[in-house]
Amino acid sequence: MKLSSAKISKESKGASPSHGGHHKNSFHSKRQSHHSILPLQPVDQLEQWSSVAVDMYNNSSSSNNNNNHHHQPQTSHTSTSRSSDYSAGGDREPSAVGNKWASRLLKECARAISDKDSSKIHHLLWMLNELASPYGDCDQKLASYFLQALFCKATESGQRCFKTLTLVAEKSHCFDSARKLILKFQEVSPWTTFGHVAANGAILEVLDGEPKLHIIDISNTLCTQWPTLLEALATRNDDTPHLKLTVVVTANIVRSVMKEISQRMEKFARLMGVPFEFNVVSGLNHLGQLTKEVLGVVEEEAVAVNCMGALRRVPVEGRAAVIGMFRSLGPKVVTVVEEEADFSSTRYDFVKCFEECLRFYTVYFEMLEESFTPTSNEKLMLERECSRGIVRVLACDDDQDSEGERERRERGSQWSERLKEAFSSVGFSDDVVDDVKALLKRYKPGWALAQPYQNETGLYLTWKEEPVVWVSAWKP
């Protein structure tokens, strides 16, 4: 596939999930025979690859009932958020939290914990325990999962609970069931494929014509992004380039399946006829330990750094250093995908952090409720996966974090300010924007693409006008 040749515009124009469009090499270039790199329908594409899972745990969590919420081994998922400072949503109050009973009781309990009002804490925890259920409506589910975190915060047992949830998740993690879960999630929601398509589009356009490509993938998404990129490389009109893919893994639960992923990726590359090398970097204490030597970067390679949900796992104080390290690699492009929430600036104010966390997960739960059938077992598994993240944010101290487990998200505007210290923004081409829009048409109404607000950069995926995922591309 020959990518169209026009210079990437400096203004953010679009993002394209699972694949990525093709950038141009002139500012006003015509769209020359653009070959869309949209995947097949998500299920078809990934079934063809027979591939992998995402960072989704606790598929077999069980024995949950209304009277045992404090110790439920639930799960933690790539969650969602919504923010109010974007062109998509304007500066308005989020609607999802609203006046619902779970929101009111949970916020009241958070304030009681902040005030150390033990009598009120006990009363509210008891009420929530009576009303909550992981099998009820959205209010009951939110009450159930946030109750666990509030209990842990009140009893200072968050770290112990988090470690228990992590051990249960790792023990029960199964490649096949996780693969089925991600396939179903991608079938009903563009939550992950949006970032895949947009990032792939930027990478393919910037690296068009390069004979040796080196993509450094810093994520825990088990390579679900790369089959469509391999397919796009295989259909280029010029000589098929050599692709080296280096995956940096920061979660133990992902390390356990990387051998299986490696075999599948290499098999798929052979099928596509793409010269391919696959490497895994694991065992790092933090991303700051990455170097050119560790990553195997050599001079003749065109390097792309892809960060999907990775930067939020870096300590807030260490983010500038990690971004600076990316620049030292001499990349042609850096792509960043993050979910929209701010657990960073609010981390020392428990009530504000709680409210932001509740807002973030409320959007996610409501999206799942409308995307899946009421009796969907996959929906229940995805909801349960949120428990680790909620406990991590609300009940664990930052200095007790282990690398790969932080949940200190920031919004696109905050990431933009950090990244601008080392990079310049790369806009998404019209082709990539079109690919994203085509992807969103595959799903139920409610999903849309939003342009950045004022001086921000990148693109936003919105759910009912609430920004939930942000994608951007950068160059030195």
Side-chain angles (χ1 to χ4, degrees), residues 64-67 69-70 72 74 76-77 79-84 88-115 117 120-154 189 191 339-343 346 349-376 379-380 382-387 389-391 393-395 444-446 462-468:
N64 295 328
N65 58 63
N66 292 356
N67 296 319
H69 299 300
H70 306 325
Q72 286 177 357
Q74 302 162 24
S76 83
H77 170 56
S79 316
T80 59
S81 75
R82 45 184 172 167
S83 82
S84 46
D91 194 10
R92 70 180 186 285
E93 190 68 24
S95 58
V97 178
N99 294 316
K100 298 181 179 180
W101 66 262
S103 173
R104 295 197 306 274
L105 285 178
L106 289 167
K107 287 181 180 180
E108 192 174 350
C109 189
R111 285 191 291 267
I113 290 174
S114 180
D115 296 337
D117 186 340
K120 195 171 184 179
I121 292 169
H122 293 156
H123 174 65
L124 289 167
L125 287 177
W126 178 84
M127 286 182 64
L128 286 165
N129 194 54
E130 289 297 305
L131 295 169
S133 169
Y135 307 106
D137 60 21
C138 271
D139 266 24
Q140 290 172 300
K141 290 174 181 178
L142 286 165
S144 176
Y145 295 114
F146 276 87
L147 169 63
Q148 181 180 44
L150 287 170
F151 177 82
C152 290
K153 178 68 175 180
S189 168
W191 196 272
E339 295 164 340
E340 277 297 291
D342 179 10
F343 300 160
T346 61
D349 186 328
F350 178 70
V351 174
K352 287 184 179 179
C353 188
F354 180 88
E355 290 175 349
E356 175 73 349
C357 191
L358 178 62
R359 185 185 59 128
F360 179 87
Y361 284 100
T362 297
V363 180
Y364 182 66
F365 273 58
E366 291 186 346
M367 178 275 294
L368 291 179
E369 195 69 28
E370 294 194 31
S371 299
F372 287 88
T373 59
T375 57
S376 168
K379 174 162 67 80
L380 178 63
L382 289 167
E383 290 164 345
R384 286 178 174 176
E385 286 174 357
C386 296
S387 64
I390 294 171
V391 170
V393 172
L394 299 176
K444 291 182 178 181
T462 66
W463 165 249
K464 295 189 174 180
E465 299 187 350
E466 293 290 350
V468 293

Task: Working for side chain to side chain contact (heavy atoms under 4.5 Å, CB included), residues L380 and F372 - done: CA-CA 10 Å; L380 178 63; F372 287 88; over 6 Å; no
- [ ] Quick one: do S376 and T373 satisfy side chain to side chain contact (heavy atoms under 4.5 Å, CB included)? Show the steps, please.
- [x] CA-CA 5 Å; S376 168; T373 59; 3.6 Å; yes
TODO: Assess whether salt bridge (Lys or Arg N to Asp or Glu O under 4.0 Å) is satisfied between K464 and E370, documenting all intermediate values.
DONE: CA-CA 11 Å; K464 295 189 174 180; E370 294 194 31; 2.4 Å; yes
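Judged by distance alone, the side chain of E130 and the main-chain N or O of M127 form no donor-acceptor pair under 3.5 Å. Side-chain atoms of T362 come within 3.5 Å of backbone atoms of L358 as a donor-acceptor pair (strictly under, hydrogens ignored). The backbone N or O of I113 lies less than 3.5 Å from no partner atom in the side chain of K153, so there is not a single donor-acceptor pair.
Taking the side chain as every heavy atom from C-beta outward, K120 and R111 never approach each other to under 4.5 Å. For the pair F151 and L128, the minimum side-chain heavy-atom distance is 4.5 Å or more. Contact annotation: the side chain of C109 never approaches that of L106 to less than 4.5 Å [non-hydrogen atoms, C-beta and beyond]. Between D137 and Q140 there is a side-chain heavy-atom pair separated by less than 4.5 Å. Between F146 and C357, the closest side-chain pair of non-hydrogen atoms falls below 4.5 Å. Side chains of L150 and L394 form no contact here, defined as non-hydrogen atoms less than 4.5 Å apart. Between K444 and M367, the closest side-chain pair of non-hydrogen atoms is not below 4.5 Å. Here the side chains of Q148 and V391 are in contact, with some heavy-atom distance below 4.5 Å.
Closest approach of K379 to P374, counting heavy atoms only: NZ-O, 3.7 Å.
Ring geometry for F350 versus F354: interplanar angle of 30 to 60°, hence tilted. The aromatic rings of F343 and Y361 sit parallel, their planes meeting at an angle under 30°, below the 60° perpendicular limit.
A distance of 10.5 Å separates CG in L105 from CG in L125, rounded to the nearest 0.5 Å.
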